[in-house]
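What follows is a short report on a single structure.
FYI, side chains are in, hydrogens and waters are out, and symmetry mates aren't considered; it's all heavy atoms of this structure.
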Amino acid sequence: MKTIQATILLVFFTLATFAQKKDSRLRGLDKELNEILRVTYAAGFSVAIVEKDKIVYSKGFGYRDIENKTPVNENTLFAIGSTTKAFTSGILGRLREKEKISFEDNPRDYIPNLTFFNDNLNTNVIIRDLMSHRTGLPRHDRSWQLFPTYDRNNLLKRIEYQEPATGLRQRFYYNNFMFLVQGIIAEKLTGKSWENNIKEHFFEPLEMIHSNTSISELEKSDNAAKGYTTQEDHSNTNTAYYKIAGMAPAGGINSSAKEMANWLITWINNGVYKGKKVLPQAYVRDAIGSQMTVGTAPLDHNNPDMHFHNYGYGWFLSSYKGHYRVEHGGGIQGFAANVAFYPTDSLGIVVLTNQYYSRVPELVRDIIADRMLKVHKTDWTKRFVDAQNRARNRTPEQNTATIKKNTKISHAKTAYTGAYKHPGYGKFSIELKNDSLIANFESMKVWLKQRHYDVFEPYEITANGSRFNTRIGLLNFSTNNAGEISGVDIRLESRLPHPITFERSANISKEKLKKYVGEYVLNQQTIKIYIKNEDVLYFLYPGQSAYELSAVTPFRFNIKGINGYSVEFHENEDGSIDAISVIQPRGTFEAKRK
């Protein structure tokens, strides 16, 4: 019996292999793709090609686990990053068909606690704007990358403090937070989590049985790729899985080339998979139609056949050698992806790799497209190698000219320690450890190396203790009128003309803050000190608005919004507080506790 089963399997494999080889367009493809693996030094990648309603080619190259020499196959799971976005918008497409939502609605109609940076956005933004990156909000990605959380409402609150780079619908700015908002809208309408919506609306009807929406699920798989980063010496370093947490609607799916092929079959066939309607045809038409212009710059001479570059709903739109192309890339620590289809040609291509910052997905996609579309073949491998050689031979730019030599920091290192926070990003602390300043972000530890004056360069400290320069901008510390370190500027959003300012406060426990709460008498007027939002201290003087207090030391607090004004608490030997000093530019005034 076992012999018969083995024979059947052998015949099936032979027929499948023959079917692939029979297509002249695929002849020699394996060799060409293995060459891509060689010149890019990638750990591995997986490919699937769809034509009409069939998978005509699927294969893995290289290793999913370099250390154990475990090969990639077409069923290997990869993190697919931002190619998740089309799934998230697709949920809203299904809900629109059921008349549960209109894309012309204001998202605040569904999420009352959603607030934007200004009234124009609050009043005029519509759901269509979120889906096509036209709110004017730039990425602000460091908000969720440096300060990750599983609490989607926490992430949602940050949007109020994230500044736009331009006006509504004036310019394309890619923004992951707007896909978070779409995921939350779907949760509100369905009463189900984004994860369950993805499973119910897409994974189940598309037979994507191994695909999942979390790192914990990925780690349980016996066919998951490890992530890698290729170093300058071409070696590959294992990169830990990135837990995207609450931002999953923007990039949290893990899948294989074989199962993503089913997703492409659905789009190529106007939303239908194996006779089942998975996406409304009207939504498919709108999603792959131009909703926003990505750029209006002159055409790239290296890509003369790209005649336009627009965005639909979760898809980039362009032309490729005279053929309409719909695609989206994805990049997340250790992985890169590209999912593309050519609707008028009924062709789809998915490429997934476990190489971070990789060119593999686009190179493989275009090599395959040239063959399948029967257009002039560009030697993409040679173009890549030539570009790498030019970059290697280019004289590196010297930044040292901007460094002011022989400068010192303005304060003792302990003065830079404490907590730093920004409401649109998060909170991190700086500590002094073995005479080194260490910044503790939610997702990484960073050693601060003085560049000059109070400007520091950030170097991430890895698990093994090594340090390498991060993509975080320089940290530039600032002082208040009293000469104290009051905050730090970090250029975390390049689209804005100014850095993001994190205000400094001392690390003070909630128990300590409670000791300060009470009433204090100054010139027969009663000053009230109270706590709001669990851990924020407020100062209220009769006839004035309440002011938030920002801790500089465990006993001294700046009055936010009034430069040069602060409050200092006086502690007795038994730890009780009996008075405060209200410090102003025109003098210091003492108030006794009632």
After noting the C-alpha distance and the side-chain angles of Tyr313 and Phe103, does the key distance pass the ring pair (Phe, Tyr, Trp, His ring centres under 6.0 Å) rule?
-> CA-CA 11 Å; Tyr313 298 147; Phe103 293 172; 5.5 Å; yes
Assess, by modelled atom type and distance only, whether the side chains of [X] and [Y] contain a donor and an acceptor separated by less than 3.5 Å.
{"X": "Asn254", "Y": "Asn212", "result": "yes"}
{"X": "Asp109", "Y": "Asn106", "result": "no"}
{"X": "Tyr311", "Y": "Thr293", "result": "no"}
{"X": "Asn338", "Y": "Glu327", "result": "yes"}
{"X": "Thr166", "Y": "Gln170", "result": "yes"}
{"X": "Ser46", "Y": "Glu74", "result": "no"}
{"X": "Asn75", "Y": "Ser256", "result": "no"}
{"X": "Arg38", "Y": "Asn34", "result": "no"}
{"X": "Ser221", "Y": "Asn223", "result": "no"}
{"X": "Glu259", "Y": "Ser211", "result": "yes"}
{"X": "Tyr63", "Y": "Asn236", "result": "no"}
{"X": "Ser214", "Y": "Lys243", "result": "no"}
{"X": "Thr190", "Y": "Asn197", "result": "yes"}
{"X": "Thr229", "Y": "Thr239", "result": "yes"}

Going by salt bridge (charged side-chain N to carboxylate O under 4.0 Å, His left out), name the residues that satisfy it together with [X], two or more places apart in sequence or in a different chain.
{"X": "Arg94", "result": "none"}
{"X": "Lys377", "result": "none"}
{"X": "Glu97", "result": "Lys277"}

So do [Y] and [X] actually touch side chain to side chain, heavy atoms under 4.5 Å?
{"X": "Phe45", "Y": "Leu37", "answer": "yes"}
{"X": "Tyr320", "Y": "Leu373", "answer": "yes"}
{"X": "Gln145", "Y": "Tyr425", "answer": "no"}
{"X": "Leu29", "Y": "Ile367", "answer": "yes"}
{"X": "Ser102", "Y": "Arg96", "answer": "no"}
{"X": "Thr40", "Y": "Gln388", "answer": "no"}
{"X": "Tyr174", "Y": "Val294", "answer": "no"}
{"X": "Val272", "Y": "Asp53", "answer": "no"}

Is the backbone N or O of [Y] less than 3.5 Å from a side-chain atom of [X], with the two atoms forming a donor-acceptor pair by type?
{"X": "Glu187", "Y": "Trp194", "result": "yes"}
{"X": "Asn68", "Y": "Thr70", "result": "no"}
{"X": "Tyr41", "Y": "Glu232", "result": "no"}
{"X": "Asp151", "Y": "Asn153", "result": "yes"}
{"X": "Ser319", "Y": "His307", "result": "yes"}
{"X": "Asn196", "Y": "Lys192", "result": "no"}
{"X": "Asn354", "Y": "Ala225", "result": "no"}
{"X": "Arg365", "Y": "Val339", "result": "no"}

Considering all heavy atoms, the nearest [X]-[Y] contact:
{"X": "Ala257", "Y": "Val47", "answer": "CB-C, 3.8 Å"}
{"X": "Ser443", "Y": "Pro148", "answer": "CB-CD, 4.0 Å"}
{"X": "Leu206", "Y": "Thr266", "answer": "CD2-OG1, 3.0 Å"}
{"X": "Leu121", "Y": "Pro164", "answer": "CD1-CG, 3.8 Å"}
{"X": "Gln291", "Y": "Ser132", "answer": "CB-CB, 3.7 Å"}

With sequence neighbours left out, write down each residue that passes side chain to side chain contact (heavy atoms under 4.5 Å, CB included) with Lys382, or none if nothing qualifies.
-> Asp379, Asp386
Distance (rounded to the nearest 0.5 Å) between Leu317 CG and Arg325 CZ | 10.5 Å
Enter the distance from Lys220:NZ to Leu77:CG here, rounded to the nearest 0.5 Å.
->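 Here the interatomic distance stands at 13.5 Å.
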Selection residues 264-274 - residue pairs positive for salt bridge (Lys or Arg N to Asp or Glu O under 4.0 Å), sequence neighbours left out |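 For residues 264-274, and leaving out neighbouring residues, the salt bridge (Lys or Arg N to Asp or Glu O under 4.0 Å) pairs sorted by first residue read Glu207-Lys274.
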Ring centres under 6.0 Å, that's the criterion: do [X] and [Y] meet it?
{"X": "Phe316", "Y": "His328", "value": "yes"}
{"X": "Trp263", "Y": "Phe87", "value": "yes"}
{"X": "Phe341", "Y": "Trp315", "value": "yes"}
{"X": "Phe441", "Y": "Phe147", "value": "yes"}
{"X": "Tyr324", "Y": "Phe308", "value": "yes"}

Does [X] have more than 12 heavy atoms from other residues, nucleotides or ligands lying within 6.0 Å of its [atom1]?
{"X": "Glu99", "atom1": "CD", "answer": "no"}
{"X": "Lys276", "atom1": "NZ", "answer": "yes"}
{"X": "Arg25", "atom1": "CZ", "answer": "yes"}

Between Asp286 and Arg128, does at least one N-O distance fall below 4.0 Å, as a salt bridge requires?
->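 Salt bridge: no.
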List the steps and the verdict of side chain to side chain contact (heavy atoms under 4.5 Å, CB included) for Val350 and Leu352.
-> CA-CA 7 Å; Val350 56; Leu352 311 176; 3.9 Å; yes
Could you walk me through whether Asp366 and Ile368 pass the side chain to side chain contact (heavy atoms under 4.5 Å, CB included) check?
-> CA-CA 5 Å; Asp366 292 345; Ile368 292 172; over 6 Å; no
Side-chain donor-acceptor distances from residues 175-186 under 3.5 Å, at least two apart:
residue: Asn175; atom: OD1; partner: Phe177; partner atom: N; Å: 2.9
residue: Asn175; atom: OD1; partner: Met178; partner atom: N; Å: 3.0
residue: Asn175; atom: ND2; partner: Pro138; partner atom: O; Å: 2.5
residue: Asn176; atom: OD1; partner: Lys85; partner atom: NZ; Å: 2.5
residue: Asn176; atom: ND2; partner: Asp141; partner atom: OD1; Å: 3.0
residue: Asn176; atom: ND2; partner: Asp141; partner atom: OD2; Å: 3.3
residue: Gln182; atom: OE1; partner: Ser89; partner atom: OG; Å: 2.7
residue: Gln182; atom: NE2; partner: Leu130; partner atom: O; Å: 3.3
residue: Gln182; atom: NE2; partner: Met178; partner atom: O; Å: 3.4

